[in-house]
Amino acid sequence: MTLFRFIKIAFFLSSLWLIQPATAQNYRPSAGIDARVDALLSRMTLDEKIGQLTLYTTDWGSTGPTIREGYKNDIRSGACGNLFNSHTTEFVRELQKVAVEETRLKIPLLFGFDVIHGYKTIFPIPLGEAASWDLEAIEKSARVAATEATAAGLNWTYAPMVDIGRDPRWGRVMEGGGEDTWLGCRIAEARVRGIQGKKLGDPDAMLACVKHFAGYGAPIAGRDYNTVDMSERYFREYYLPPYEAAVRAGAATVMTSFNDYDGVPATGNKFLLDQILRKEWGFEGFVVTDYTSINEMVNHGVVANDKEAGELSLNAGVDMDMQGAVYQRFLKQSMQEGKVTQAQIDEGVRRVLRLKFELGLFEDPYKYCNAAREKATLFSPENRAAARDVARKSIVLLKNEKQALPLKKGQKIALIGPLAENKSELIGNWNGAGNANDCVSLREGLAGNELLFAKGCDLVGEDKTGFAEALRLAAQSDVVVVVVGEGAMMSGEAAARADLGLPGVQEDLVLELVKTGKPVVVVLMNGRPLAIPRIAESATAILETWWLGTEAGNAIADVLYGVYNPSGKLPMTFPRSVGQVPIFYNERNTGRPYDPNSKWTSKYIDSPNSPQWPFGFGLSYTTFSYKELKASPELTVLRGTPTLERARIQVSVQVTNTGKVAGEEVVQLYIRDLVGSVTRPVKELKGFKKILLQPGETRELKFTLTEKDLSFYRRDMTFGTEPGEYEIMVGGDSEALTKVKVKL
Ligand code: BGC
């Protein structure tokens with residue numbers, strides 16, 4: 001056998017090994033559950049079965065929670081088996097009582113809610129947490145959220161959102177883990193672990209729901225709900241892995257997305273739901289639609305009416321209809337007409353009931369309804385301390401000239417800006433049951449220091465009458481801290497922006513303050529990368545703080561004063577202008593890579609290609625140096641012949657804290673496959689370690705690149721490695737990298 005043929009066989013074997021669907025971590029029904037499910041199923045009428053596939057919302061009026069009378073009757077008749085947006089032990093108990101005392105079969109309800117970054121104690125928005133590059137902190141945040149939510153009656157959250165976001169115009173980038181697939185996978189796993197806890201059935205564990213499957217983060221032009229279209233290679237390589245990672249970490253449920261992919265809406269897309277999710281990844285939980293996304297397939301134009309939409313989605317693999325009432329209204333008729341089968345409906349019901357058994361709801365339907373536990377758990381001092389810790393870690397220092405930061409004790413601060421004492425925006429979008437008044441504003445966080453305060457202007461609008469007072473106070477100060485950004489509702493769902501600058505006259509305010517000659521520290525609060533080149537150029541220091549939640553003011557004050565040395569790194573590229581968008585670090589080289597001196601290369605005539613701040617970027621109050629980067633391949637020797645099967649590359653590097661204070665660095669590892677059977681990205685993140693180094697301390701770090709890290713979808717769409725040369729790059733962001741080459 002020639003070496004070439006041998007390597008080909010090794011590839012084939014390795015790809016078989018890699019596509020094995022089931023791993024130990026996927027959700028698998030516990031022993032004995034299926035017998036209980038089948039016994040119950042055999043007693044159910046068709047209407048009751050369809051009820052288990054139906055999910056309705058309750059409302060929250062000014063006087064408290066309410067439920068539409070029709071829905072309450074649907075619970076009573078068994079026509080609605082699941083609710084969302086109902087929380088607090090009292091309200092959940094009231095509704096669960098209807099299900100278990102007034103229905104024929106006493107099947108308990110699931111209670112779902114968007115617990116996205118905290119329930120009562122609000123943590124940073126997910127994009128902010130991603131900037132911490134601290135997987136333990138991210139898991140802890142999800143754990144605290146689940147502990148609070150389950151204490152308030154809930155057993156199912158619509159999180160994590162793992163949609164890759166490369167286009168900051170899309171408002172929902174705030175809910176995700178940023179632009180990178182590898183980092184996105186690790187964050188997805190951490191969040192699933194945090195949400196579902198040690199095991200489903202524990203009183204503080206809830207069902208995770210991975211969303212939005214699939215590709216929702218890539219709408220054309222960044223406009224929410226818009227069409228998604230890309231090659232399958234690209235889709236599998238960049239967009240699908242985080243959903244898979246979440247499923248393989250045990251996520252019990254999956255939510256479809258509003259968009260179409262390759263011409264088929266995700267909610268009716270058999271390729272996504274059956275082929276990829278169930279067959280390739282071995283998913284055994286249930287699939288729920290996004291809000292009325294079954295019905296919206298009529299607008300997409302792939303079905304003529306709601307009834308056909310229901311048939312398309314059940315046949316594609318959707319189990320539960322969120323809010324569309326399509327299954328409830330039409331599934332029976334569709335079955336009678338032979339458009340869907342009894343077996344398909346039964347299978348969906350099985351998947352839903354299994355998880356109700358798994359949670360232990362049949363043993364105790366009120367297990368999440370203990371008012372004393374609710375009182376003791378929500379907004380506890382420990383939870384707030386955890387929120388402050390994660391908030392500090394999420395802050396990214398983007399610029400720091402003349403050592404403006406940390407602030408020095410005794411400095412007189414002019415605290416300016418529409419967000420400086422604001423509380424209402426700090427909890428961000430998707431803020432659970434969080435209360436804006438519970439938030440610590442930056443003005444409160446800085447209390448105790450000498451502060452002069454002026455708002456300067458509003459978040460939006462053209463009014464500049466407040467500038468004069470702001471400038472007067474700036475002139476009297478030693479340093480200006482100006483707090484500007486977006487409103488919380490300017491990102492999130494249905495909040496795409498065509499302009500990525502600061503709204504209103506905020507930029508003018510900052511530029512006027514700069515003209516005073518005082519050091520100007522800009523504190524940004526926002527839910528997406530912004531394009532602010534003039535501020536980037538002229539401010540003395542810039543701190544990206546996203547929406548940090550309940551403890552925002554304390555966390556920012558900790559960083560401003562150097563009580564905490566900032567360690568966050570951008571999880572998304574910050575562009576210079578909207579025209580550069582979509583922009584992301586792991587692009588391909590093209591046949592005419594950027595050359596500033598040659599017109600005929602891939603570039604703009606009016607802007608550099610480079611971003612304002614690259615992916616992975618973030619400063620510290622100290623500095624780090626990298627040296628002694630080494631990479632050595634390890635080929636497995638099979639019957640005397642070296643093969644790539646199970647190939648690894650061992651990487652080591654020495655990192656030194658070259659500054660005067662202790663600090664944490666996120667040491668990032670990137671690779672580039674220099675010649676492939678298809679074009680490969682110029683760099684791809686494949687690992688990182690966050691380490692704390694004392695001044696002068698050096699540490700050697702080791703990474704192992706596994707076969708999976710080196711694999712990609714080859715020309716023939718098999719997933720695996722190819723022999724050849726790789727560039728191995730290590731550094732503190734995606735541009736400042738030291739490199740070595742290694743041959744496999
Ligand atoms: C959003 C989902 C969310 C659902 C339920 C939809 O509009 O797209 O992310 O989970 O509503 O609130």
Side-chain angles (χ1 to χ4, degrees), residues 54-60 65 67-68 71 80 82-87 109-119 125-127 142 145-146 149 153-165 170-177 188 191-192 195 206-219 222-228 242-243 246 251-261 265-267 285-297 299-300 313 318-326 428-434 488-489 491-496 527:
T54 295
L55 169 66
Y56 288 135
T57 184
T58 57
D59 305 310
W60 211 270
I67 179 164
R68 298 167 216 179
Y71 291 166
C80 166
N82 312 282
L83 289 175
F84 69 120
N85 293 335
S86 333
H87 47 111
L109 302 162
L110 284 180
F111 287 92
F113 191 44
D114 292 280
V115 183
I116 305 298
H117 53 112
Y119 174 74
I125 57 167
L127 185 65
L154 293 158
N155 47 38
W156 186 23
T157 174
Y158 303 133
M161 186 196 101
V162 303
D163 305 317
I164 292 298
W170 189 53
R172 300 197 79 168
V173 297
M174 64 141 291
E175 297 170 53
R191 288 199 197 285
V192 170
I195 292 165
M206 65 200 308
L207 306 175
C209 185
V210 187
K211 69 188 190 186
H212 307 81
F213 191 65
Y216 185 43
R223 220 173 60 222
D224 210 359
Y225 317 125
N226 203 7
T227 300
V228 171
Y243 308 104
T253 75
V254 168
M255 186 186 292
T256 65
S257 54
F258 288 123
N259 57 280
D260 60 339
Y261 169 70
T267 302
F286 71 78
V287 175
V288 63
T289 70
D290 201 349
Y291 203 105
T292 64
S293 65
I294 293 191
N295 321 52
E296 291 165 25
M297 292 199 289
N299 284 342
H300 274 289
S313 69
V318 166
D319 302 303
M320 192 183 286
D321 170 3
M322 182 196 282
Q323 200 55 24
V326 171
N429 203 335
W430 294 111
N431 43 45
M489 293 301 150
S491 56
E493 188 176 352

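Each ligand, and each atom within it, is numbered from 1 in the order the structure gives.
- Side chain of Thr289 to backbone of Met322: a donor-acceptor contact under 3.5 angstrom is found.
- Remark: minimum distance from atom 7 (O) of ligand 1 to any protein heavy atom is reached at Glu493 OE1, 2.7 Å.
- Against a heavy-atom cut-off of under 4.0 Å, Phe258 is close to the following atoms of ligand 1: 7 (O), 8 (O).
- Between Tyr158 and ligand 1, a contact under 3.5 Å exists for no N or O pair.
- In this structure a side-chain-to-backbone donor-acceptor pair under 3.5 Å is missing from Asp290 to Ser293.
- Looking at Glu175 against ligand 1, nothing comes within 4.0 Å, counting heavy atoms.
- Of all protein heavy atoms, the one lying nearest to atom 10 (O) of ligand 1 is Asp114 OD1, 2.6 Å.
- Partners of Asp319 under the side-chain hydrogen bond (donor to acceptor under 3.5 Å, both in side chains) rule, at least two apart in sequence or in another chain, are Arg278, Arg351.
- Distances from ligand 1 to the non-hydrogen atoms of Gln323 include no value under 4.0 Å.
- Put simply, no part of Met161 is less than 4.0 Å from ligand 1, judged by heavy atoms.
- Of the polar atoms of Tyr216, none of the N or O atoms is found under 3.5 Å from an N or O of ligand 1, judged by distance alone.
- The shortest heavy-atom distance from Met255 to ligand 1 is under 4.0 Å.
- For atom 9 (O) of ligand 1, the closest non-hydrogen atom of the protein is His212 NE2, 2.7 Å.
- Between the side chain of His117 and the main chain of Asn429, a donor-acceptor pair closer than 3.5 Å is present.
- Ring centroid separation for the pair Trp170 and Tyr216 comes in under the 6.0 Å cut-off.
- Without hydrogens or angle criteria, Ser257 side chain to Ala214 main chain gives a donor-acceptor distance under 3.5 Å.
- Less than 4.0 angstrom separates some heavy atom of Lys211 from each of these atoms of ligand 1: 2 (C), 3 (C), 9 (O), 10 (O).
- Proximity of a side-chain donor or acceptor of Asn155 to a complementary backbone N or O of Met206 within less than 3.5 Å is not detected.
- Every residue was checked against the side-chain hydrogen bond (donor to acceptor under 3.5 Å, both in side chains) condition with Tyr291, not counting sequence neighbours, and none meets it.
- Heavy-atom distances between Phe84 and ligand 1 reach below 4.0 Å in at least one pair.
- Taking all heavy atoms of Thr256, Asp290, Thr292 into account, the minimum distance to atom 2 (C) of ligand 1 is reached by Asp290.
- A side chain to side chain contact (heavy atoms under 4.5 Å, CB included) with Ser313 holds for exactly one of Val318, Asn295, Val326, Val287; it is Val318.
- Here's the thing with Trp430: none of its N/O atoms is less than 3.5 angstrom from an N/O atom of ligand 1.
- A side chain to side chain contact (heavy atoms under 4.5 Å, CB included) with Phe84 holds for exactly one of Leu55, Val288, Leu110; it is Leu55.
- Residue Arg172 approaches ligand 1 through these ligand atoms, each under 4.0 Å from one of its heavy atoms: 1 (C), 2 (C), 8 (O), 9 (O).
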